[in-house]
Each structure stands twice: as structure tokens, then as C-alpha cells.
Amino acid sequence: MTFLALLQNPTDFIVNGGVFMWILLACSFVAISVIFLRLIALRKGAVIPRLIEKSIVGYRSGESLEPLRRLVKDDDSAMGQVLDAVVRSDATKAETLEIVQTRARREVVGLEAGLFILEIIVGISPLLGLLGAVTGLVKVFANIGSGVTSTSDLKGIASGISEALSTTIVGLAIAILALIAWSTFTRRVETLAIQMESLVTELIEKMFQRRGEPETDHHPDTLEEVTR
């Protein structure tokens with residue numbers, strides 16, 4: 001009956017839900033906005049441009065880094081920013097890895113922007129729905145106690161309880177949507193970080209293979225570890 005009421009008269013459904021219904025609608029708007037923006041920002045082409053990926057794969061030891069420098073000069077993608085730190089560094093291999101780690105942490109934080117909002121909505125939406133339901137039930141029983149609603153009016157009581165529980169349904173629906181989106185985007189960021197790590201590691205190995213620099217025992221955090 002609740003879903004039928006929503007389809008038949010959404011305005012009354014929202015109004016009868018009380019103030020908590022409006023708060024939940026605001027949460028749903030915020031969640032949908034974050035999801036839409038993250039869908040655009042976390043496209044692989046936006047994070048790891050195809051041209052940069054091909055340039056790293058096609059790079060050979062001993063070649064000039066100047067083409068890569070020109071390529072990433074005005075590139076605002078996460079991969080472009082990390083690669084810029086690599087190709088502009090004249091440090092040792094260990095120092096270069098530390099520079100990459102620092103830049104990668106900043107870029108991963110940028111990729112995760114907004115995800116904490118989804119995490120908050122996942123937590124508060126069911127609670128707001130429950131609070132709205134409890135508030136509605138209090139009104140129903142208060143009306144019965146004051147004589148406004150007769151105990152024999154089962155239809156009226158059932159209708160009041162149905163309206164009270166509507167916020168719970170909406171709150172759970174919003175939380176489920178936000179949880180799915182948060183889990184998907186979190187996994188997406190981890191996947192992109194691993195792909196960036198693989199490409200950057202490949203480039204650094206080629207660069208220092210050319211220079212003949214010995215291996216070091218210092219191993220900074222990988223991009224995957226930065227996301228944890």
C-alpha cells in the first residue's frame with residue numbers, strides 16, 4: 001500500500017511523512033549528485049588517459065623523456081600528475097619512488113572526494129527513517145489516547161501506522177543505493193590505483209635501467225597501499 005500511495009499521489013506521501021521525509025529527500029538528492037559526479041570523475045579515460053598509457057608502454061630505455069614531459073605538462077588527470085613528478089625528477093630511484101608516493105597519495109585523495117558523503121548517508125538514512133517512523137507512531141497512539149481516533153477505527157489506525165512507516169522504507173532505500181555506490185566507487189579507486197602503480201613502476205624501471213642505478217632496499221608504499 002505504501003508503494004501504491006507513492007505512485008498514486010507522491011505529494012501526499014511526502015507531506016504525510018513529516019519533516020524527516022524532507023530530510024531524507026535532501027539526502028537522496030545529495031547522494032544522487034555525488035554518484036553522478038563520481039561516475040564522470042572515475043572514468044578510466046579521465047584518470048588514466050589512453051595517450052599517456054600508450055606513451056608509457058611504448059617508452060624504451062635510453063629514450064628522451066622530453067615527449068613525456070610535454071605530454072603531461074598541461075594534463076590535469078591523476079595519472080598525468082603522478083607522471084609529471086616522475087619525468088621532472090632528477091633524483092635517485094629511491095627518492096623518485098618517495099616523490100611518486102607523496103604525489104600519488106594526493107591524487108588518490110582527490111579520486112575519493114565525495115565518497116565519505118555516501119558513507120555518511122549510508123549510516124544516517126536508516127536512522128532518520130526509523131526516527132520518522134517512531135515519531136509517526138507516537139502521534140498515532142497519542143491520537144488514540146486523546147480520543148481523536150477511536151480504537152474501533154482500525155482503518156484509521158492502520159493508515160496512520162502505514163504513513164509512519166513510510167520514512168523507514170525511504171530511508172532504507174536511500175541507504176541501499178548509497179551503499180552500492182560507495183562500495184563500487186571504493187573498489188574502482190583501488191583498481192585505478194593499481195593500474196597507475198603498474199604503469200609508473202614500469203616507467204621508473206625503464207628510466208633507471210638506462211642509468212644503470214643499483215637496486216635499493218628501501219621500498220616505499222605502493223599506490224594500492226596508499227588507498228587503504
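These numbers come from the heavy atoms of this one structure, side chains and all, not from hydrogens, waters or symmetry mates.
- Closest of all the heavy-atom pairs between Ala85 and Ile99 is CB-CG2, 3.8 Å.
- Cluster annotation: Leu39 is connected to Val47 through the hydrophobic network of ILVMFWY side chains, with a link wherever side-chain heavy atoms come within less than 4.5 Å.
- Taking hydrophobic clusters as Ile, Leu, Val, Met, Phe, Trp and Tyr residues chained together by side-chain heavy-atom distances below 4.5 Å, Ile40 does not share a cluster with Trp182.
- Under the 3.5 Å distance criterion, the side-chain polar atoms of Ser198 are left unmatched by any main-chain donor or acceptor of Ile194.
- Between Met79 and Glu107, every side-chain heavy-atom pair lies at or beyond the 4.5 Å cut-off.
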For this session: Please step through side chain to side chain contact (heavy atoms under 4.5 Å, CB included) for the pair Val86 and Ile204, ending with a clear verdict.
Result: CA-CA 8 Å; Val86 175; Ile204 292 177; 4.1 Å; yes
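- Distance alone, capped at 3.5 Å, is enough to place a donor-acceptor pair between the Arg188 side chain and the Leu42 backbone.
- The line from CD1 of Ile52 to OG of Ser77 is 4.0 Å long, rounded to the nearest 0.5 Å.
- Here the straight-line distance linking atom CG of Leu115 with atom OG of Ser183 works out to 10.5 Å at 0.5 Å rounding.
- Arg106 places a side-chain heavy atom less than 4.5 Å from the side chain of Gln81.
- Hydrophobic clustering (ILVMFWY, side-chain heavy atoms < 4.5 Å, transitive): Phe116 and Phe185 are in one cluster.
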Problem set entry | Verdict with supporting geometry, Leu127 and Leu131, side chain to side chain contact (heavy atoms under 4.5 Å, CB included) | CA-CA 6 Å; Leu127 297 178; Leu131 188 57; over 6 Å; no
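- With a 4.5 Å cut-off on side-chain heavy atoms, Ile48 and Leu199 count as touching.
- Across Leu68 and Ser55, no two heavy atoms sit closer than the pair CD2-CB, 3.6 Å.
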Exercise. Hey, mind stepping through Thr201 and Leu97 against side chain to side chain contact (heavy atoms under 4.5 Å, CB included) and telling me if it holds?
Worked result: CA-CA 9 Å; Thr201 301; Leu97 289 172; 5.8 Å; no
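- The backbone N or O of Ala133 lies less than 3.5 Å from no partner atom in the side chain of Thr168, so there is not a single donor-acceptor pair.
- In this structure the side chain of Met196 reaches within 4.5 angstrom of the side chain of Leu111, judged on heavy atoms.
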Problem set entry | Verdict with reasoning, Lys206 to Glu202, per side chain to side chain contact (heavy atoms under 4.5 Å, CB included) | CA-CA 6 Å; Lys206 291 176 180 178; Glu202 179 182 348; 3.1 Å; yes
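- Residues Thr135 and Thr167 have side chains not in contact (no heavy-atom distance under 4.5 Å, counting atoms from C-beta outward).
- Both Phe20 and Trp22 are part of a single hydrophobic cluster, where members link through side-chain heavy atoms under 4.5 Å apart.
- The CG atom of Leu179 sits 13.5 Å away from atom CD1 of Ile174, with the distance rounded to the nearest 0.5 Å.
- Under the 4.5 Å side-chain heavy-atom criterion for Ile, Leu, Val, Met, Phe, Trp and Tyr, Leu172 and Leu118 are members of distinct hydrophobic clusters.
- Here the closest heavy-atom approach between residue Cys27 and residue Ile124 is recorded as SG-CD1, 4.1 Å.
- Side chains of Leu83 and Val200 form no contact here, defined as non-hydrogen atoms less than 4.5 Å apart.
- For the residue pair Ala41 and Ala46, the shortest heavy atom distance occurs at O-CB, 3.9 Å.
- Using a distance-only test at 3.5 Å, with no hydrogens or angles considered, no donor-acceptor pair links the side chain of Arg38 to the main chain of Ile35.
- For the atom pair OG1 of Thr191 and NZ of Lys44, the computed distance is 10.5 Å after rounding to the nearest 0.5 Å.
- Under the 4.5 Å side-chain criterion, counting only non-hydrogen atoms from C-beta, Asp75 is not in contact with Leu71.
- Judged by distance alone, the side chain of Arg69 and the main-chain N or O of Val87 form a donor-acceptor pair under 3.5 Å.
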